[in-house]
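Contents: one structure, followed by commentary.
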Amino acid sequence: MKLQRCNEIALKVCTGLLLAVALVLTFTVSDYYIFNRIKEYGVIFSICQWMKKAGLLLIPLAVFYNKKCCSDIAKYVLPLFVIVSCFTFGNFFDATSITENSTGADLCFAQINEFITKAANMALFFISNALYLLICAGLFLRDGWKVGAKSFIFLPLAIIACMPLNIFENFFDAEDFRGTFWWFRNFTVWHLLALLTLVGFTVGAYYFLKRQDLKRQHEYLVAGAIVLLIQYHSKDSVLLGDGYNVYTYVFSAVPLFICNIGVYVASLSVILRKRPLYAISFFVHAVGALTVFIYFGKDEMSNYGIIASYSILFFCLTHCLLFALCVLPSALGHYKFRVKDCIIPLIYYCIVIILATVASAVVSSFLEGYTYNGYTLSFENGDFNLPNYAFTQVNPLPIEVPMIPLRIWKWDMNVLYVILVYVAYVCLFWAWTGVYYAFLAIRKKVLAKIHGGAVTEELQTAAAEAAIADVSDGTPDGDTSDNACGDNTCDVADEDK
């Protein structure tokens with residue numbers, strides 16, 4: 001019993017360390033740079049790295065949620081790919097965005113972006129491999145050698161969920177399609193397709209999850225949150241190597257865009273099940289994810305490429321997951337939004353806007369005048385795009401706002417514009433909330449008509465097939481059990497234990 005307890009603690013510690021190391025490694029050029037250059041870095045090694053990304057989904061579910069299917073896949077599949085990667089890395093650690101033609105601004109940004117040295121990259125790579133193997137050994141010790149054949153049904157799903165989204169760029173050069181029908185722009189067929197994808201993904205996820213019990217719903221939502229975090233952090237490495245959208249510097253990975261910080265808030269909301277996090281996700285970040293699908297900003301602010309480019313695939317997948325994680329807990333009855341819940345989100349968004357304004361000015365001031373190898377960066381020369389965190393620097397709408405300057409370091413920020421951004425988004429938040437309450441009112445009338453009389457709150461929740469949870473401490477009201485999974489869910493799927 002003591003050995004099992006020690007093993008359980010060791011598993012959680014090693015998993016935490018693995019996730020931390022994996023996060024740091026995303027800030028190396030090589031981490032995702034290789035996936036659209038498979039011929040250069042080798043098919044076998046690229047597949048091994050892809051499988052290790054899938055391991056970042058499987059291992060947390062196996063360790064923290066005792067998912068037997070994930071444990072089976074991890075302990076029998078991952079070790080092979082981890083070991084092979086130790087001997088097939090080739091020139092992986094020499095990956096750099098610098099080419100023989102790099103000069104001026106390219107060298108400046110390489111100096112800024114490639115701050116993790118080759119030695120550190122190598123050390124972290126082999127440390128992560130050792131942690132993978134230790135965790136797999138711990139899973140053998142915890143769960144034994146017996147394996148369920150059905151477990152491996154989920155392996156293809158894990159591989160697809162953690163697919164490097166730049167892998168398709170092995171087959172085309174997006175620049176060859178610039179200005180053609182295939183290029184993504186506002187109000188084109190591809191824009192409509194993106195919006196329909198958001199709707200279809202969310203509705204499909206809802207109808208799939210509503211058929212599951214509360215415990216499984218939570219596990220699927222957590223899995224979605226992990227996938228979102230994995231795919232979101234792929235952008236770190238892509239920024240350093242190839243650039244994402246119009247950005248090419250590591251400061252663009254700072255999570256002060258509304259949707260970027262929403263990735264963390266929405267993910268933590270379904271993992272921790274805390275009312276303030278649910279409220280912020282539902283009231284603030286659902287709107288943020290939705291509005292950018294409706295209008296992607298002025299064309300000069302976006303460079304998404306063609307539909308199969310990394311930028312547009314990354315945007316659509318992460319924002320679909322973000323929107324779903326923001327609204328599904330409420331739709332499924334894990335959380336019920338109340339008007340008074342808006343107080344914390346409004347304060348939170350005000351703080352975000354202030355931080356975004358200051359950070360935008362500081363990063364702009366740092367980049368303006370940064371010198372390396374005799375070249376000095378300048379915004380006026382077009383060397384970099386303004387960070388524009390939370391849209392606090394560049395107006396996405398074709399409307400001019402009078403300038404009321406506030407000097408921060410070397411940069412002037414428009415105070416009036418920043419205030420209007422806050423006010424505009426708050427109006428959108430309330431509009432979204434109004435739509436939510438209008439939907440509830442219409443549903444109540446429809447159900448009343450169907451059932452021939454007044455509909456009680458219990459009847460509404462039964463029709464929604466979810467227990468409306470008044471979440472305050474991460475569990476439904478009145479539930480004091482450790483797992484808070486309800487009378488009919490705690491004994492689900494013994495094979496998952």
Side-chain angles (χ1 to χ4, degrees), residues 186 191 194-203 205-206 221 224-225 228 232 255-270 274-298 301-302 315-332 334-357 388-392 394-397 399 417-442:
N186 278 302
H191 185 172
L195 187 58
L196 292 176
T197 299
L198 173 69
V199 175
F201 181 87
T202 307
V203 173
Y206 169 73
L221 289 173
L228 175 58
Y232 169 74
L256 282 174
F257 296 96
I258 296 301
C259 291
N260 290 5
I261 193 170
V263 167
Y264 297 105
V265 174
S267 298
L268 287 175
S269 73
V270 300
K274 298 294 185 181
R275 171 172 286 279
L277 295 176
Y278 276 134
I280 293 172
S281 296
F282 183 83
F283 188 73
V284 175
H285 294 296
V287 179
L290 182 61
T291 53
V292 290
F293 268 98
I294 295 173
Y295 180 63
F296 283 76
K298 291 180 289 189
M301 293 175 60
S302 303
F315 176 89
C316 288
L317 177 59
T318 55
H319 285 69
C320 282
L321 282 169
L322 172 59
F323 183 75
L325 290 175
C326 288
V327 301
L328 287 179
S330 179
L332 294 168
H334 297 198
Y335 161 76
K336 181 181 178 182
F337 182 81
R338 301 175 302 191
V339 174
K340 69 179 183 179
D341 290 343
C342 72
I343 298 174
I344 292 177
L346 287 173
I347 296 172
Y348 156 84
Y349 182 60
C350 180
I351 294 172
V352 169
I353 284 291
I354 293 172
L355 290 177
T357 302
N388 197 31
Y389 302 129
F391 294 111
T392 53
V394 182
N395 187 351
L397 301 174
I399 302 172
Y417 169 69
V418 171
I419 293 173
L420 290 177
V421 168
Y422 178 81
V423 172
Y425 262 98
V426 168
C427 291
L428 289 174
F429 300 155
W430 281 114
W432 164 255
T433 304
V435 170
Y436 168 69
Y437 279 108
F439 168 76
L440 292 182
I442 293 171

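Start at 1 with the first residue, then count along the sequence.
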Minimum heavy-atom distance [X]-[Y], with the two atoms named:
{"X": "His191", "Y": "Phe293", "answer": "NE2-O, 2.6 Å"}
{"X": "Leu328", "Y": "Thr202", "answer": "CD2-O, 4.1 Å"}
{"X": "Phe323", "Y": "Ala289", "answer": "CB-CB, 4.0 Å"}
{"X": "Val418", "Y": "Thr357", "answer": "CG1-OG1, 3.5 Å"}
{"X": "Gly262", "Y": "Leu322", "answer": "O-CD1, 3.4 Å"}
{"X": "Ala331", "Y": "Tyr206", "answer": "O-CE1, 3.6 Å"}

For this session: Carefully, step by step, assess Phe315 and Val292 under the rule side-chain contact (heavy atoms from CB on, under 4.5 Å).
Result: CA-CA 10 Å; Phe315 176 89; Val292 290; 3.6 Å; yes
Is there a side-chain contact between [X] and [Y] in this structure, where contact means two heavy atoms from C-beta onward sitting under 4.5 Å apart?
{"X": "Leu198", "Y": "Leu290", "result": "yes"}
{"X": "Tyr295", "Y": "Leu397", "result": "yes"}
{"X": "Thr197", "Y": "Cys320", "result": "yes"}
{"X": "Ser269", "Y": "Leu325", "result": "no"}
{"X": "Tyr232", "Y": "Leu321", "result": "no"}
{"X": "Ile353", "Y": "Val421", "result": "yes"}

Exercise. Under the side chain to side chain donor-acceptor pair (under 3.5 Å) rule, what pairs show up with a residue in residues 343-356, not counting sequence neighbours?
Worked result: His285-Tyr348
Exercise. According to the side chain to side chain donor-acceptor pair (under 3.5 Å) rule, which pairs have a member within residues 259-268, sequence neighbours left out?
Worked result: His233-Tyr264
Rounded to the nearest 0.5 Å, what separation is found between the [atom1] atom of [X] and the [atom2] atom of [Y]?
{"X": "Leu317", "Y": "Leu228", "atom1": "CG", "atom2": "CG", "value": "8.0 Å"}
{"X": "Ile347", "Y": "Cys342", "atom1": "CD1", "atom2": "SG", "value": "9.5 Å"}
{"X": "Arg338", "Y": "Ile343", "atom1": "CZ", "atom2": "CD1", "value": "10.5 Å"}
{"X": "Leu346", "Y": "Tyr425", "atom1": "CG", "atom2": "OH", "value": "15.0 Å"}
{"X": "Cys326", "Y": "His319", "atom1": "SG", "atom2": "NE2", "value": "10.5 Å"}
{"X": "Asn186", "Y": "Ile294", "atom1": "CG", "atom2": "CD1", "value": "11.5 Å"}

Seminar exercise, completed: Between Phe283 and the options Trp432, Tyr278, Trp430, the side chain to side chain contact (heavy atoms under 4.5 Å, CB included) test singles out Trp430
Problem set entry | Short side-chain to backbone donor-acceptor contact, Thr291 and Gly288, under 3.5 Å | yes
Problem set entry | Test side-chain contact (heavy atoms from CB on, under 4.5 Å) applied to Ile258 and Val287, step by step | CA-CA 10 Å; Ile258 296 301; Val287 179; over 6 Å; no
Exercise. Should Phe429 and Tyr422 be marked as a ring-ring contact (aromatic ring centres under 6.0 Å, His included) after you check the CA-CA gap, both sets of side-chain angles, and the distance that decides it?
Worked result: CA-CA 10 Å; Phe429 300 155; Tyr422 178 81; 8.0 Å; no
Problem set entry | Mutual orientation of the aromatic rings belonging to Tyr335 and Phe337 [parallel < 30°, tilted 30-60°, perpendicular > 60°] | perpendicular
